2 protein chains.
Amino acid sequence: MREAYHEQLDSISEGLLEMAHLVGSAMGRATTALLDADLKLAEDVIAADAKVDDLQRDLEDRAITLLARQQPVATDLRIVVTSLRMSADLERSGDLAQHVAKLARLRHPERAVPRDLRRTILEMGQLAQRLMAQAAEVLITHDVDAALQLEKDDDRMDELHRLIFQHLMDDQWHHGVETAVDCTLAGRYYERFADHAVAVAQRVVYLVTGEHADDLLTNPPATT
Amino acid sequence: MREAYHEQLDSISEGLLEMAHLVGSAMGRATTALLDADLKLAEDVIAADAKVDDLQRDLEDRAITLLARQQPVATDLRIVVTSLRMSADLERSGDLAQHVAKLARLRHPERAVPRDLRRTILEMGQLAQRLMAQAAEVLITHDVDAALQLEKDDDRMDELHRLIFQHLMDDQWHHGVETAVDCTLAGRYYERFADHAVAVAQRVVYLVTGEHADDLLTNPPATT
């Protein structure tokens with residue numbers, strides 16, 4: 001019984017990990033499609049999101065089967081319930097990568113991002129992918145310090161998001177309203193994607209420590 | 001045992017219902033704050049979201065306790081797991097109402113929405129609140145037809161969302177980039193809020209019929 005339980009739990013963890021890899025990669029490719037106005041790549045990202053949705057349904061079914069058959073309690077139960085929440089975060093992250101790709105497709109053959117915001121969007125895309133890779137690592141290692149670090153790294157995303165707005169509001173802005181709208185939406189997609197990566201890591205922190213990550217950041221344990 | 005189970009399940013349903021009422025009302029008040037540039041009302045909405053977050057944590061704890069103590073299987077298990085998902089939808093809806101209120105606060109004492117978009121935003125706000133009220137009703141009645149109707153009603157939200165973009169892209173637009181950015185974000189908040197209301201209803205459909213709402217809409221059962 002315990003062995004079957006652990007096998008099923010492992011398969012759920014592997015599902016989460018695969019989802020994290022897929023959506024991180026999708027966001028990287030979507031960013032390339034956006035910056036290069038690469039229609040083929042954008043279409044690939046848009047089509048590939050179905051795989052993430054399938055994985056989530058699978059994972060949900062397996063979690064429910066596990067709850068029904070193994071009836072875990074205490075920590076084990078919390079792990080399964082938390083996995084369900086994480087899979088929702090990851091599924092949504094996949095949608096956001098898809099949204100970025102759709103922006104690229106919408107403006108093709110034009111580029112949606114003007115030259116003076118390319119560097120910022122590139123950094124947001126790379127950071128988003130890196131945060132998701134960190135979240136995937138935290139899923140395996142359950143390393144609380146790495147999870148808290150991820151939350152701090154996300155501050156840079158918020159900074160970049162603010163930078164975009166400052167740039168849009170600047171009197172020097174001469175790319176028109178359509179491009180401003182595109183950049184507003186793109187900025188929001190990256191920021192939300194990063195929030196979901198942070199949420200995955202925070203849920204691991206809660207599983208391991210029983211404390212919410214926010215409390216740990218403002219009141220770190222006296223022992224460290 | 002069964003009686004305790006049903007009491008606990010009822011208390012979870014009541015928690016969901018209360019969340020749906022709170023976030024629907026929050027979106028209504030946030031819209032008023034946005035259109036009237038009412039700072040006091042905006043601050044109230046922003047502060048009140050903590051109550052929704054508390055409700056979600058409570059509900060999650062109760063659901064986990066129920067899973068641990070009653071160890072439901074089959075349909076009962078699906079109900080509890082689905083409730084967890086719904087509570088996440090409703091918590092996020094509360095965040096979105098809060099975002100609308102924050103837009104109002106950010107631009108106070110100016111109005112964030114220009115005169116020519118007031119009617120559209122008002123309709124989006126009212127529709128959002130109505131969709132959430134419908135979702136709350138579906139939570140009680142488990143009425144599949146009402147749930148499917150809600151999904152159709154959401155088409156109007158998508159239409160309004162498109163209307164905003166068309167208006168922003170229009171050559172006649174003379175409110176500048178800042179206002180365009182604000183309206184882009186507001187439009188997205190309403191559209192996402194409505195999506196969450198639809199998701200709540202769709203989850204009820206799945207519980208009742210075992211079929212995903214999308215499939216029912218495209219392939220309605222031959223018997224009806």
Side-chain angles (χ1 to χ4, degrees), chain A residues 53 56-57 60-61 63-89 91-92 95 99 106 164-189 191-192 195-196 199 206 212, chain B residues 53 56-57 60-61 63-89 91-92 95 99 106 164-189 191-192 195-196 199 206 212:
Chain A
D53 296 345
Q56 195 209 1
R57 276 195 192 182
E60 189 169 347
D61 287 345
I64 289 175
T65 306
L66 189 151
L67 287 173
R69 295 212 186 134
Q70 309 287 347
Q71 312 216 319
V73 293
T75 306
D76 288 348
L77 174 57
R78 254 184 205 279
I79 291 176
V80 179
V81 170
T82 303
S83 300
L84 283 169
R85 284 224 184 287
M86 290 173 174
S87 78
D89 281 314
E91 188 271 330
R92 186 72 202 135
D95 288 347
H99 287 348
L106 180 67
I164 288 193
F165 285 124
Q166 277 166 20
H167 194 72
L168 294 177
M169 305 301 181
D170 197 302
D171 291 339
Q172 308 293 312
W173 180 263
H174 57 275
H175 303 292
V177 169
E178 182 175 281
T179 304
V181 167
D182 287 350
C183 293
T184 300
L185 290 174
R188 180 137 182 96
Y189 299 150
E191 187 246 340
R192 291 294 304 147
D195 281 349
H196 286 295
Y206 186 62
H212 289 285
Chain B
D53 296 345
Q56 195 210 2
R57 277 197 192 181
E60 190 169 345
D61 287 345
I64 289 175
T65 306
L66 188 151
L67 287 173
R69 294 212 187 133
Q70 309 286 348
Q71 313 216 317
V73 295
T75 305
D76 289 348
L77 174 57
R78 258 187 200 274
I79 291 177
V80 179
V81 170
T82 303
S83 300
L84 283 168
R85 285 225 185 285
M86 288 173 175
S87 79
D89 282 314
E91 190 272 329
R92 186 71 203 138
D95 288 348
H99 286 347
L106 180 68
I164 288 193
F165 285 124
Q166 277 168 19
H167 194 72
L168 294 176
M169 305 303 182
D170 197 303
D171 290 339
Q172 308 292 313
W173 180 262
H174 57 275
H175 303 291
V177 170
E178 183 176 278
T179 304
V181 168
D182 287 351
C183 293
T184 300
L185 290 174
R188 180 137 181 94
Y189 299 150
E191 187 247 338
R192 291 293 303 144
D195 282 348
H196 286 295
Y206 186 60
H212 290 284

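Chain naming here is simple, since letters A, B, ... match the order of the sequence lines and numbering starts at 1 in each. The structure presented is a predicted model; accordingly, all values stated were derived computationally and were not measured.
Closest non-hydrogen pair, A:Pro72 versus B:Gln71, comes out as O-NE2, 4.2 Å. Smallest separation of non-hydrogen atoms from B:Leu168 and A:Val177: O-CG1, 3.3 Å.
One finds the CD atom of A:Glu178 at 12.0 Å from the CG atom of B:Asp170 (value rounded to the nearest 0.5 Å). Atom CG of A:Leu185 sits about 6.5 Å away from atom CZ of B:Arg188, to the nearest 0.5 Å. Note that CD1 of B:Ile64 is 4.0 Å distant from CZ of A:Arg78, once rounded to the nearest 0.5 Å.
For B:Leu77, the part lying under 4.5 angstrom from a heavy atom of chain A is the side chain only. With a 4.5 angstrom heavy-atom cutoff, B:Thr82 does not touch chain A via any of its atoms. If you measure heavy-atom distances from A:Ser87 to chain B, the contacts under 4.5 Å come from the side chain alone. B:Val181 touches chain A through backbone and side chain together, each having a heavy atom under 4.5 Å away.
Remark: B:Asp171 CG is loosely packed, at most 12 non-hydrogen atoms of other residues, nucleotides or ligands lying under 6.0 Å away.
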